[in-house]
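What follows is a short report on a single structure.
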Amino acid sequence: MKASKLSLVLTTLLGAVLLSGCENNMVVFQPQGPAARSILDLINFSLVMMFAIIIIVFALFGFIVWKYREKKENLDYEPPEEHGNTVLEIIWTLIPIIIVVALTIPTVKTIYALDKIPKGYEEKEPLVVNVTSADWKWIFSYPEQGIETVNYVNIPEDRPIDFRLTSASTMQSFWIPSLGGQKYSMANAETQLYLVADNPGSYMGRNTNFNGKGYAEMEFEVQSQTQKDFDKWVKEVKATAPKLSEKEYEKMLEPSHLGRKTFSNTHLDWVDHSKGQSQNYIKPELYKREHGYPGKIFKEEKLETDHNQHGTDHSQHGNMNEETNDSHGGEHNGH
Amino acid sequence: MSAKIDTALPLEYQTEQNRMNILGFWIFLGAEIVLFATLFGVYGVLGHRHAGGPMQQDLFIIKDVMIQTMLLLTSSFTMGIAIFEMRRHQLKGMLVWLVITLLLGGGFLYMEIQEFTHYVHQGATMQTSAFLSSFFVLLGTHGLHVTLGIGWAVLLIIQLLQRGLTPVTARKTFIIGLYWHFLDVVWIFIFTFVYLAGLVS
Amino acid sequence: MGINWSEFFVTGDPLILASQIAIVLTSVGAVAALTYFKKWKWLWKDWLTTVDHKKIGILYILVGILMFFRGGVDGLMMRAQTSVPENTFLDAQHYNEVFTTHGVVMILFVAMPLLIGVMNFVVPLQIGARDVAFPQLNALSFWLTFSGAMLFNISFVIGGSPDAGWTSYFPLAGKEFSPGIGNNFYAVALQIAGAGTLMSGINFVVTILKMRIKGMTMLKMPMFTWTSFITSIIIVASFPIFTVALALMTFDRIFGTHFFTISGGGMDMLWANLFWLWGHPEVYIVVLPAFGILSEVISTFARKTLYGYKSMVISITLIAVLSMLVWVHHFFTMGNSSAANSFFSITTMMIAIPTGVKVFNWLFTMRKGRIKFTTAMLWALAFVPNFVIGGVTGVMLAMAAADYQYHNTLFLVAHFHYVLIPGVVFPLFAAFYYWWPKMFGYILNEKIGKWHFWLFTIGFNLTFMPMFFLGLDGAVRRAYTYSEETGFGPLMLTSAIGAIILAAGFAVLVYNIYWSARYADRNISNDPWDARTLEWATASPVQHYNFAVLPEVKSLDAFWHMKKNNEIKTLNEDEIEEIHMPSNTWIPFYMGNVFLVAGFFLVFEWTIAAAIASIGIFAGLIFRSFDYDEGFHVHKDEIIKTESSWRNVGKGVKNHVS
């Protein structure tokens, strides 16, 4: 009936647009690096399976609804008592199991592959870029080069980039869809992502994890360059860019939108947010809204002033695999 | 809702409504287990995050905790006797044991409040660190349960005095007995995983 | 206490000012109307103090529909704001509040009350009981849900709405980044409503275990009762986790503790874990009873018993177990180990197996049947293709590596709307059309119903289908705006147009309720659909004691077999006995109100006032403890009178409406 027609229309619509995935210009279907490509392979494989399922179920649905509809001729037809059929039920349990297994194998392979340097780039020395997300800007530090950029990141092509993500404030997600999948950046923790760009080019990167008022505009640009251009750019920055001071940095972490900035040193010299201390930069009073009732704000003591007997041992709140307090074993035998 | 009474069964199980109430309370205890399990999980994650504040070893006084444990364990035992007396239809004995249970529970509560005040005086408050936040909330939730249990039992004792032993009052007593034993079990876990583990590590 | 009233009331936005005026006028109007028509007593006796599961069910449904309107307006505002690039209809702050309340309202105050409402109405009737196990507790559940809903609802005019998303991830939702009280509304209102839901869960587990009629073994229960049972178990197992999570949030926000904060050693990831440990089972809490509704409707209108009943039972049980083991799939991108992501990918995909079994069973229920296209059945039919799209995209999202590209994009938004709207809202609409005659004694207009159906389904697909493509093109969720260069404009506009059609569909439903209440034929039989389960064996609308004589059940689809074997007994006056029923009580209504007041003070961080108000809570508990009301008995004469009034007019009434 009508419902089956509707579903037919839907199938064709979905099919027409999605099956042309190879030629379409959606960003996920236009990978510019090995990581994004391996994810796309997985997506395409799953799409084929899913379309098979959709077509089978829709066809079966359309057929049954059409064939067994009530008509003037069959008004005195009384359907048979039928409680089920074990063989059929086992069959349609097994089919989804097979599909799930078929999807699981490439999924698990890809999950493990994405945690390593992409295949074919293992011998190349990865470039380390520390990414610090703040409200609402992205800070990129190049510890080896000793430079820092805000809201844009230049990378050499064909070389694995070792992005080490952390956050100076809220939980955010670092995503460059052209180059690969996303990962969260979190205060007091470090997550990690390997990406490679095939060619020189400019790609959009952004935060995908909602983090307040400035979230929508929290984008950055990835500029992939030849190694030569990259080296030249680094040299230029070292020569011409200003130095970032601690005070300026603190100001920078306040909730705001900034344009692009470039510095010839990195904030890693005095703070690494993956190791704690982000709390020293949080200013709740700057997050007041223009309307509504204000709540209490809790003042936190700054860690530097907090030197009681355990302060030095425990101020370093590590990342996810945190140290246990075994260093205290000896101290407390007396109890 | 039928008022049919089956006198072959113990008093608290004699009506259908009573049987449903007791089953319902068991299911409620199931939910309570999930609640405490979550709190234990939170403590398990945050218990070693001291943020420069005091640690378990600096705070816990094992002797006091042992006394608390003994008080609560004994009160669970006396609650058992109270239910036993109820089964024997001995209202007076039951009331005596209930009151003893409450006194022991009150003693436990007094010591817990003392303990908390002591910590706060040492500067170890809920706001000091993640460890202390999770510690106070886990123990406070248990303590709050004990407090509510005591208040509830007082109401029940008044009703027992007013009405004597009926299927309804018997059911209420039986349910509060279940509740009290449950709190005892939770305390054993707190004693093991918070106090003992905290002192050993 | 010095209150700054310009901070107390949300000011400065014409939309909100208009709402404030509308709220005041509506309240005044309601009070005036009640007084003018002398309806206060009726309101108090028949509704506010009722413990009748049927009336409580209807109250839940009423709240659900009202909140659906609220959540729907939020949704429309979002679609309006994003319809064109760089729109300025809403600013970022307002948009953030709107999508937060949209999510919370739709899940917790629309889907939940509507489903629990249908459960309340239908389950006792299906198992041949006269009420639920704990009728007073049931009323308390409702009034707590209602208080939670109202407390959450007023946030946009008083104090400011929560604005950290329905997931309220820390540290954003904490005081460090959201110092206003908006998120306190989230923590407190959901706590109150959640307590009500937990009690409903306990109530239904006991009801279904203990109050089934003679002969109805577990494997002869109607499928809706089965799904309600499993749902209740999931509620009992998962809501306490949410209780704890919200309590810790409250402590962090109001008392300055360090559970989820950046400072003091707190751990933001813990919130995400706790939230989804509840949040994922919650999805199945709303989806499973909806599946049960579909089973009843499909089986009735295909005139066949449910295909593969036992495999259906096994499937829902498996779904319930798996629902507890998949929560990490909501944050595959949190830097978990590859092993963890692989494990949770697999468990998530495994949910497709029992779900697939169910879909095939429904299809085969219709095979060899005689399918009647009533509005209720149309909703059930539309479920299949639409939900399959939601399901397969769910499997795609379950593949963790691929999820790295879908996560937090509109692809995800499209997916869960394709699951929740066809999977919950369509079945709920089916339930309305199907059980409406049982609730009110008249059928919702079928012709208007079909308008409702076509507008809503077309609008729905038009709204959410574009989001799949937008997501794959890099459009993220929760962004209040986007630039022209992104090229999202045309699809976003399509989606906005779809939303208008969707809203028109909902408006037609409201009109249908109004039209049918005024003009629908009251002369219908107690079994207008020629249905199969016990609720159709008694009068429409159902008399307050449900069944005069409790029937005995010999098989699945008990009523159907009674009809086929001519076992429907005529009224035998000797068989009738007095019926014991519970009395009305004011305590649940009172408790709902004190919780509302105490909760309100807590939201505003007036802790002393909140503590004083909570004395009222204890007073209610004490009062309840001393309440020895034994209920009342319905007299034989009254039963005979009621029964003969509907049984003897059976001939000649309009039956089998199509």
Side-chain angles (χ1 to χ4, degrees), chain A residues 3 7 26-28 39 42-43 46 50 53 57-58 60-61 64 68-70 74 77 79-80 84 89 92-93 96-97 100 104 107-108 110-112 114-115 170-171 173 177 181-184 187 191 208-211 213 216 278-279 282 284 287 289 291-298 300 317, chain C residues 7 10 12 92 159-160 165 169 171-172 176-177 179-181 256 262-263 265 268 303-304 307-308 311 333-335 338 341-342 345-346 349 352-353 356-357 360 363 366-372 381-382 384-385 388 392 396 399-402 404-405 408 472-474 476 478-481 605:
Chain A
S7 51
M26 287 184 283
V27 63
V28 169
I39 296 178
L42 186 65
I43 291 176
S46 72
M50 295 308 134
I53 296 170
V57 177
F58 278 34
L60 191 62
F61 171 78
I64 288 175
Y68 298 103
R69 73 194 190 279
E70 187 175 88
N74 69 358
Y77 163 71
E89 284 165 47
W92 63 58
T93 314
I97 291 179
V100 166
T104 299
T107 304
V108 172
T110 317
I111 292 173
Y112 275 89
L114 287 174
D115 262 5
T170 48
M171 193 184 281
S173 189
Q182 61 194 293
K183 205 162 259 183
Y184 286 172
T191 48
T208 74
N209 204 50
F210 173 66
N211 67 335
K213 244 186 279 185
S278 290
Q279 54 184 307
I282 298 170
Y287 289 87
R289 329 185 193 174
H291 65 262
Y293 198 76
K296 268 177 258 172
I297 291 176
F298 303 101
E300 297 300 333
H317 275 286
Chain C
E7 280 175 342
V10 176
Y169 269 22
L172 174 66
E176 292 164 322
F177 299 100
I181 61 153
I262 288 181
S263 54
D268 45 7
R303 301 179 73 80
K304 271 183 75 210
Y307 198 89
S311 62
T333 53
M334 205 180 254
S338 299
N341 275 358
S342 302
S345 273
I346 295 168
M349 283 193 252
I353 299 165
V357 170
F360 280 108
L363 288 177
M366 292 190 282
R367 198 183 71 126
K368 293 192 194 163
R370 168 150 65 87
I371 303 168
K372 194 196 251 317
L381 290 176
V384 177
V388 165
V392 294
M396 290 168 71
M399 302 161 72
Y404 300 159
Q405 289 283 38
N408 275 340
L472 292 172
D473 201 13
V476 294
R478 294 173 169 177
Y480 83 106
T481 191
E605 303 177 0

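Side-chain atoms are counted along with the backbone in the values below, which use heavy atoms only and exclude waters and symmetry mates. The sequence lines fix the lettering, A, B, ..., with proteins before strands; numbering per chain opens at 1.
Interface check for chain A: of the options Ala479(C), Gly474(C), Pro179(C), the most heavy-atom pairs under 4.5 Å are formed by Pro179(C). The choice from Lys368(C), Arg367(C), Met366(C) that makes the most heavy-atom pairs within less than 4.5 Å of chain A is Lys368(C). For the set Val388(C), Val357(C), Thr481(C), the entry with the most heavy-atom pairs within less than 4.5 Å of chain A is Val357(C). For the set Ile297(A), Asn74(A), Leu114(A), Thr110(A), the count of heavy-atom pairs under 4.5 angstrom toward chain C peaks at Asn74(A). Note on Lys296(A), Lys213(A), Lys183(A): by heavy-atom pairs under 4.5 Å with chain C, the leading option is Lys296(A).
In this structure, the side chains of Pro79(A) and Arg370(C) come closer than 4.5 Å at one or more pairs of heavy atoms. Using a 4.5 Å heavy-atom threshold, the side chains of Glu89(A) and Tyr307(C) count as touching.
Taking both residues in full, the closest heavy atoms of Asp473(C) and Met26(A) are given as OD1-CA, 3.4 Å, listed atom of the first, atom of the second, then distance. Looking at every heavy atom in both residues, Met349(C) comes nearest to Val100(A) through O-CG2, 3.5 Å. Shown here for Ile282(A) and Glu176(C), the closest heavy-atom pair between the two residues is CG2-O, 3.7 Å. Considering all non-hydrogen atoms of both residues, Ala187(A) and Ile262(C) come closest at CB-CD1, 3.7 Å. Between Gly369(C) and Tyr77(A), the closest heavy-atom pair is O-CE2, 3.5 Å. Minimum interatomic distance between Ile111(A) and Ala400(C) (heavy atoms only, all atoms of both residues): CD1-CB, 3.5 Å.
Heavy atoms closer than 4.5 Å to chain C are found in the side chain of Ile53(A), but not in its backbone. The contact between Ile39(A) and chain C is made entirely by side chain atoms (from C-beta outward), counting heavy-atom distances below 4.5 Å.
Residues Asp115(A) and Ser338(C) bring a donor and an acceptor atom of their side chains to less than 3.5 Å of each other.
For Thr107(A), the side-chain hydrogen bond (donor to acceptor under 3.5 Å, both in side chains) criterion is met by no residue, not counting sequence neighbours. Shown here are the salt bridge (charged side-chain N to carboxylate O under 4.0 Å, His left out) partners of Arg289(A), two or more places apart in sequence or in another chain: Glu97(C), Asp163(C).
Interatomic distance, Ile43(A) CD1 to Gln405(C) CD, rounded to the nearest 0.5 Å: 6.0 Å.
A side chain to side chain contact (heavy atoms under 4.5 Å, CB included) with Asn209(A) is found for one member of Leu172(C), Asn408(C), Thr333(C), Val476(C) and no other, namely Asn408(C).
By the 30° and 60° cut-offs, the orientation of the rings of Tyr184(A) relative to Tyr169(C) is perpendicular.
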Apply the test side-chain contact (heavy atoms from CB on, under 4.5 Å) to residues Phe61(A) and Leu381(C): give CA-CA distance (whole Å), side-chain angles for both, the deciding distance (0.1 Å), then the verdict. CA-CA 9 Å; Phe61(A) 171 78; Leu381(C) 290 176; 4.0 Å; yes
